[in-house]
Structure formats: structure tokens, C-alpha cells
Amino acid sequence: MSDDKKLGDRVRIPARATQSSGDLYDRFLSSDDRGIFKWHHYFDIYERHLARFRGSPVRILEIGVKNGGSLSLWSEYFGEAATIVGLDIQPRSMVHDGMRPNVSVRIGDQADPQFLRKVEEEFGPFEVVIDDGGHSARQQINSFNFLYPRMTAHGIYICEDTHTSYWPRYADAGPGVTMIEHTKKLVDHLHEPYFDEGKSMQRFSIGPEQRSGDLLATRFAAETFSVQFYDSIVVFERRPRSEPYREQR
């Protein structure tokens with residue numbers, strides 16, 4: 001067995017017709033005319049992060065309606081107690097408004113904070129946001145920056161099709177500004193409490209009751225539990241954080 005494997009080695013990626021599993025994927029595969037356009041490998045990601053919301057009065061915002069197929073899929077998957085809201089820039093998508101009792105559609109530009117504010121005030125705060133909209137850097141970043149801090153404390157934000165960060169025709173936010181690069185910077189924010197090595201080692205090695213004052217950090221650092229990268233998807237998991245605390249027992 002060779003032990004000289006390197007991460008940069010060129011290896012084959014096989015083509016497979018089946019790439020996910022679970023109830024949501026089965027529902028997707030069972031219909032040829034629902035009007036859903038999704039990458040097959042996304043469904044394992046959905047199941048991993050969204051299954052806990054099934055059967056609850058969850059509020060879901062999906063950016064990008066197109067043929068309306070995913071709205072019906074989400075309605076079936078999450079159940080009648082869920083509120084499903086779809087956004088699209090194309091007026092023709094309004095035909096899907098009310099397609100099911102728990103489905104609503106609103107028309108506007110996902111990069112426009114004023115439009116997003118109206119939607120959030122009408123239906124929010126959202127537990128789940130799925131950005132499957134226009135996929136440009138400006139759209140993805142503007143939607144995230146506005147909606148993420150207004151979500152519920154334990155919400156999930158999914159930005160799809162982040163492979164467009166590597167396609168020049170979607171680069172409308174300035175040189176080098178993409179959703180992937182934006183998220184990389186947010187990973188640094190997640191670790192902000194440790195930026196000053198001397199202060200963090202001293203502060204986090206004593207009990208919380210012994211510390212003076214509160215630790216100040218960005219809102220993102222204080223309200224984000226994890227940032228997870230997948231092929232063409234970034235998932236942000238919200239959870240109020242406590243100050244880091246370590247001890248030996």
C-alpha cells in the first residue's frame with residue numbers, strides 16, 4: 001500500500017446516478033414533472049440540516065421560485081404546520097402564490113434590502129433560509145447580510161450554487177468579491193475571540209464567574225455555531241454562543 005498520497009494528487013471522480021438518500025430525495029426522484037431543478041448531491045445536505053424542523057411550525061424562505069416545484073416539495077416534506085415563502089424577481093412566479101394553503105410567493109429583487117425587509121416583516125423571523133436565487137455575488141451576499149442576523153436564534157441559512165463564485169459572469173460585486181470569499185472572511189470572524197493570543201489565553205483559562213466585563217465580538221461571532229462548506233453549498237448554523245471556557249479535570 002502506497003503511503004505517499006498527497007491532497008493535491010489528481011484522482012478520478014466517478015459519475016453516479018444516485019448521489020443522496022432519504023425521504024426528501026425519494027420525493028424528488030418520484031416525480032418527473034414537478035418542475036424542480038436541483039443537483040442530486042444537495043439532498044443529503046438538506047436532510048442533515050433540515051430534518052429536525054419537520055412537523056413543526058417552521059418558517060421557511062426560499063429565494064428562487066422558477067417553476068414552483070420546490071415550494072410544493074418543501075410543503076410536503078415539512079408538513080402543514082410549516083410556512084413556506086418563495087421569492088422571485090420574475091412576476092410570472094406569482095402564479096404559484098397560494099398553490100398550497102401554507103405557500104406564499106412575493107416578487108422582488110433579493111439584493112434589495114427594502115424588499116427583503118417587507119418580506120421579513122410580513123412572514124419572519126425565519127428558521128430556515130434557502131438561497132437558490134440568481135446566484136450572482138451581489139445577490140448572494142446582500143441577501144445573506146440582511147437576512148442572516150434577523151433569523152431565529154437556532155436557524156439554518158443555506159446558500160446554494162456557490163460554484164458560481166468561480167464563474168466570471170456572476171461576479172457583479174467587484175473584483176474578487178464572491179460569496180465564497182465573503183464566507184472565508186466570516187470564518188475568521190467566528191474565531192475573533194482568539195485574535196489576541198495573550199488576552200484569550202488569560203481570560204479563557206479562568207472560570208466565567210472570575211472574568212471582568214463581557215467579551216465583545218461581532219454579531220456573527222456571537223450568534224453563529226458553525227459554518228459548513230459542501231460542494232456548491234455553504235450552510236450557516238445559528239446558535240447563541242457563550243464565552244469560550246477551558247479547564248482541566
So F43 and Y25, would you call those rings parallel, tilted or perpendicular, with 30° and 60° as cut-offs?
tilted
Close side-chain approach of I130 to E160, heavy-atom, < 4.5 Å
yes
Flag side-chain contact, heavy atom, 4.5 Å: L61 against F123
no
Going by heavy atoms in the side chains, are E47 and D23 under 4.5 Å from each other?
yes
Using the ring of each side chain (for Trp, its six-membered ring), is H135 parallel, tilted or perpendicular to Y170, with breaks at 30° and 60°?
tilted
Report the C-alpha distance between H96 and D88 in whole Å, list the side-chain angles of each, state the deciding distance to 0.1 Å, and finish with yes or no for side chain to side chain donor-acceptor pair (under 3.5 Å).
CA-CA 11 Å; H96 304 296; D88 206 282; over 6 Å; no
Using atom types as modelled and distance alone, determine if a side-chain donor or acceptor of D172 lies under 3.5 Å from a backbone N or O of R138.
yes
Kindly say whether S21 contributes a backbone atom to a donor-acceptor pair with the side chain of D44 at under 3.5 angstrom?
yes
When you measure from the side chain of R241 to the backbone N and O of L190, does any donor-acceptor pair fall under 3.5 Å?
yes
Could you walk me through whether T178 and E181 pass the side chain to side chain donor-acceptor pair (under 3.5 Å) test, one step at a time?
CA-CA 5 Å; T178 68; E181 291 301 322; 4.9 Å; no
For E237 and I156: C-alpha separation, side-chain torsions, deciding distance, then whether side-chain contact (heavy atoms from CB on, under 4.5 Å) applies.
CA-CA 5 Å; E237 184 179 3; I156 295 290; 3.8 Å; yes
Hey, any chance Y148 and Y230 share a hydrophobic cluster, counting ILVMFWY side chains that come within less than 4.5 Å of each other, even indirectly?
no
SB check D112 R117 (cutoff 4.0 Å)
no
In terms of hydrophobic clusters joined by side-chain contacts under 4.5 Å, are F144 and V177 together?
yes
So, is the end of the R34 side chain (NZ or CZ) under 6.0 Å from the ring centre of F28 and within 45° of the ring's axis?
no
Spell out, as yes or no, whether a donor-acceptor pair under 3.5 Å connects the side chain of D9 to the backbone of K6.
yes
N/O donor-acceptor pair under 3.5 Å between T183 side chain and M179 backbone
yes
side-chain contact (heavy atoms from CB on, under 4.5 Å), that's the test. Do Y42 and L24 meet it? Break it down for me.
CA-CA 10 Å; Y42 284 8; L24 187 63; over 6 Å; no
Do T224 and L186 come close enough that some side-chain heavy atom pair is under 4.5 Å?
no
Could R54 and Y77 be counted as a cation-pi pair, given that NZ or CZ must be under 6.0 Å from the ring centre and within 45° of the axis?
yes
Side chain of Q110, backbone of G134: donor and acceptor closer than 3.5 Å?
yes
Between S75 and S72, is there a donor-acceptor pair closer than 3.5 Å when you use the side chain of the first and the backbone of the second?
no
Taking it one step at a time, do M151 and V128 satisfy side-chain contact (heavy atoms from CB on, under 4.5 Å)?
CA-CA 8 Å; M151 296 178 68; V128 175; 5.6 Å; no
Do any N or O atoms from the side chain of H182 and from the backbone of I180 form a donor-acceptor pair under 3.5 angstrom?
no
Sub-4.5 Å side-chain heavy-atom contact between S93 and K66:
no
Does any part of the side chain of K38, heavy atoms only, come nearer than 4.5 Å to the side chain of D132, both counted from C-beta?
yes
Assert yes or no for the condition that the ring centre distance of F225 to H154 is strictly below 6.0 Å.
no
Checking R211 side chain against R203 main chain: does a donor-acceptor pair fall under 3.5 Å?
yes
Centre-to-centre under 6.0 Å for F53 and F78, is that the case here?
no
Side-chain heavy atoms nearer than 4.5 Å, only ILVMFWY residues, links allowed to pass through others: does that put F236 and F146 together?
yes
Taking the side chain as every heavy atom from C-beta outward, state whether R246 and S205 have any atom pair closer than 4.5 Å.
yes
Evaluate F220 against V227 for side-chain contact (heavy atoms from CB on, under 4.5 Å), listing each step before the verdict.
CA-CA 11 Å; F220 183 83; V227 179; 3.8 Å; yes
Around atom CD of E122, are there more than 12 heavy atoms of other residues, nucleotides or ligands at under 6.0 Å?
yes
Just wondering, are more than 12 heavy atoms of other shown residues or ligands nearer than 6.0 Å to CD in Q202?
no
Exam field: side chain Y194 to backbone S200, donor-acceptor pair closer than 3.5 Å
no
Could you tell me if the side chain of V58 sits less than 4.5 Å from the side chain of W74, heavy atoms only?
no
